[in-house]
Chemist: 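Handing you this structure, nothing more for now.
Every number for a ligand or one of its atoms is a count from 1 in the order of the listing. Worth saying up front: this structure is predicted, and the values here are computed from it rather than measured.
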Amino acid sequence: MGWSKERLEHVARTRLGGAKLIVVANREPYIHRHAGGGLEWIRPAGGLTTALDPVMQACGGVWVAHGSGDADAEACDASGRVGVPPDDPNYVLRRVWLSKADEDGYYYGTANSMLWPLCHQVFVRPEFDPDNWETYRAVNETFAKAVLDEAAGGPAMVFVQDYHFALLPRLLKAARPDLVVAQFWHIPWPGPEKFLVCPWAKDLLDGMLGNDLVGFHTQGDCNCFLECVDRALECRIDRERFAVTRGGHDTTVKPFPISVDPALADDYLGTDWPERVAGIRAQNHLGDRALLVGVDRVDYTKGIPERLRGVDRMLQKHPELKGTFHFVQVGAPSRTHIPAYRDLTAEVNALAAGINAAHGTADWQPVVFLNEHHGPEDIFALYRDAAGCVVSSLHDGMNLVAKEFVTARGDDRGVLVLSKFTGAARELPDAVLVNPFDVEETADGLFAALTMPAAEQERRMRRMRAQVDDHNIYRWAGMLLSEVGKRVRDPLPLAEEADEIEPEPDPRERLIEERLARGNYLTAMHLASAGV
Ligand code: F6P
């Protein structure tokens with residue numbers, strides 16, 4: 001039986017045994033802001049909120065998050081609560097208010113200037129600032145208070161998201177040992193040589209071992225985490241069960257590759273997507289030329305300059321392509337208070353201008369950089385219209401743009417050019433896999449996207465769609481809830497579904513995984529295409 005919203009609803013009801021579900025994530029799923037004299041709401045850019053909102057809509061409960069919109073306070077009650085989705089509420093968003101100093105030290109500082117570069121293999125030096133660290137600690141305490149408030153008076157399962165809250169699980173367990181606490185780390189985990197240079201490495205690890213369950217996207221990330229714990233802390237590691245025992249408390253550490261809700265593609269596309277695309281094409285002088293699209297937050301992990309250099313190199317190698325296509329980069333502004341992010345925006349603008357000057361003509365510009373927030377309706381319309389989607393991250397835990405693109409291609413066309421250094425590459429070996437640090441390989445991947453025969457596109461896209469349909473966000477959440485449900489007292493029996501919760505690993509997936517781990521991408525692709 002496949003995973004659907006209804007099945008997840010059922011699993012949540014039974015495995016949580018009546019415990020309240022509380023999700024904690026820094027980013028809120030809906031942001032209210034002032035516009036045209038009134039209030040409007042938008043969905044933020046970024047994979048986490050896109051992935052978790054359908055889960056919360058299926059399970060119900062409370063989402064605790066930083067209230068970051070300029071009209072957020074006006075939209076909610078005195079305790080910071082508002083029903084969401086705003087147009088048809090079915091769960092509660094509890095907003096936590098942070099001062100500018102909190103945001104600087106916790107979000108821009110420790111989370112995004114220390115942990116973000118520390119966890120990604122991108123050669124950006126992490127900043128170790130004691131003041132920022134103190135603010136991060138204080139903000140984790142602020143969130144702990146809000147969660148304890150929401151959990152008061154009954155059993156609850158707290159599902160903590162990401163690197164903003166490494167200290168939160170320990171704080172929660174210390175205050176309420178009966179809470180079931182799980183954390184999903186949405187970004188990669190580095191090896192011990194890298195991680196243990198952090199002055200607060202032990203505090204971070206100890207905080208996370210307050211969890212009953214820690215999830216990562218890949219087994220590789222789990223292994224790196226266990227290696228760091230082993231070297232830094234007094235504890236016992238059971239490598240058979242993938243569990244750490246510290247101070248008498250067990251933490252299970254397992255991979256759960258995150259995904260998307262494939263059904264959302266049809267909702268976002270609607271029947272009028274061709275009109276939306278026509279509008280975007282007209283506004284940006286794209287004519288009816290083939291499009292390659294990139295959709296990212298403007299972040300130095302995403303490899304945006306690398307893909308632009310790939311476009312440049314492709315045009316040098318294949319001048320016959322001039323005038324036949326556009327590369328459209330949708331780049332949502334992100335973390336712009338951090339100098340590295342501002343510098344990146346300037347670099348992308350300069351590269352785009354340089355490529356357009358070198359190869360463009362009076363009526364054709366190869367690169368179009370749309371440096372603003374776009375709603376999912378426009379983004380899915382672009383996915384559907386494009387000849388190819390380019391995901392060239394230098395390092396990425398999963399990358400949900402890759403999976404979103406696949407779900408938008410109900411026509412079984414379009415080529416995904418995908419970095420080998422994303423978690424998604426392990427699940428989508430039918431993409432054209434490239435090393436974004438290698439400009440020749442990137443250029444050849446882009447060329448393949450523009451020239452691949454329709455039958456080959458269809459063969460690859462069918463398999464990728466089958467993979468994402470099956471390994472969807474409901475399966476991800478169902479697996480996590482089932483694992484953590486083992487810690488819930490008196491869950492209801494799961495009846496006929498029990499043996500589907502922990503399926504035997506697919507031997508083909510395992511083979512592909514092994515080949516990818518050894519860097520043998522061609523064999524992995526061959527195995528996948530041979531249906532081994
Ligand atoms: O996956 C990492 C992450 O921080 C997610 O939490 C989020 O979806 C995305 O990056 C966007 O980042 P931010 O919330 O900082 O805009």
Chemist: With sequence neighbours excluded, give me every salt bridge (Lys or Arg N to Asp or Glu O under 4.0 Å) pair touching residues 61-75.
Modeler: Asp72-Arg95

Chemist: Enumerate the side-chain hydrogen bond (donor to acceptor under 3.5 Å, both in side chains) contacts for residues 38-50, please, sequence neighbours excluded, ordered by first and then second residue.
Modeler: Arg33-Glu40

Chemist: Going from CG on Leu98 to NE2 on His66, what distance comes out if it is rounded to the nearest 0.5 angstrom?
Modeler: 4.0 Å

Chemist: The criterion is side chain to side chain donor-acceptor pair (under 3.5 Å); which residues satisfy it with Tyr91, sequence neighbours excluded?
Modeler: Asp53

Chemist: Rounded to the nearest 0.5 Å, what's the gap from CZ on Phe405 to CZ on Arg384? Could you check?
Modeler: 10.5 Å

Chemist: Do Phe128 and Trp133 have ring centroids that are under 6.0 Å from one another?
Modeler: no

Chemist: Which pairs of nitrogen or oxygen atoms, taken one from ligand 1 and one from the protein, are under 3.5 angstrom apart?
Modeler:
residue, atom, partner, partner atom, Å
ligand 1, 4 (O), Tyr163, OH, 3.0
ligand 1, 4 (O), Arg335, NH2, 3.2
ligand 1, 6 (O), Asp162, OD2, 2.7
ligand 1, 8 (O), Gly47, N, 3.4
ligand 1, 8 (O), Leu48, N, 3.0
ligand 1, 10 (O), Arg335, NH2, 3.3
ligand 1, 12 (O), Arg335, NH2, 2.8
ligand 1, 14 (O), Arg27, NE, 3.0
ligand 1, 14 (O), Arg27, NH2, 3.4
ligand 1, 15 (O), Tyr107, OH, 2.5
ligand 1, 15 (O), Arg335, NE, 3.0
ligand 1, 15 (O), Arg335, NH2, 3.0
ligand 1, 16 (O), Arg27, NH2, 3.1

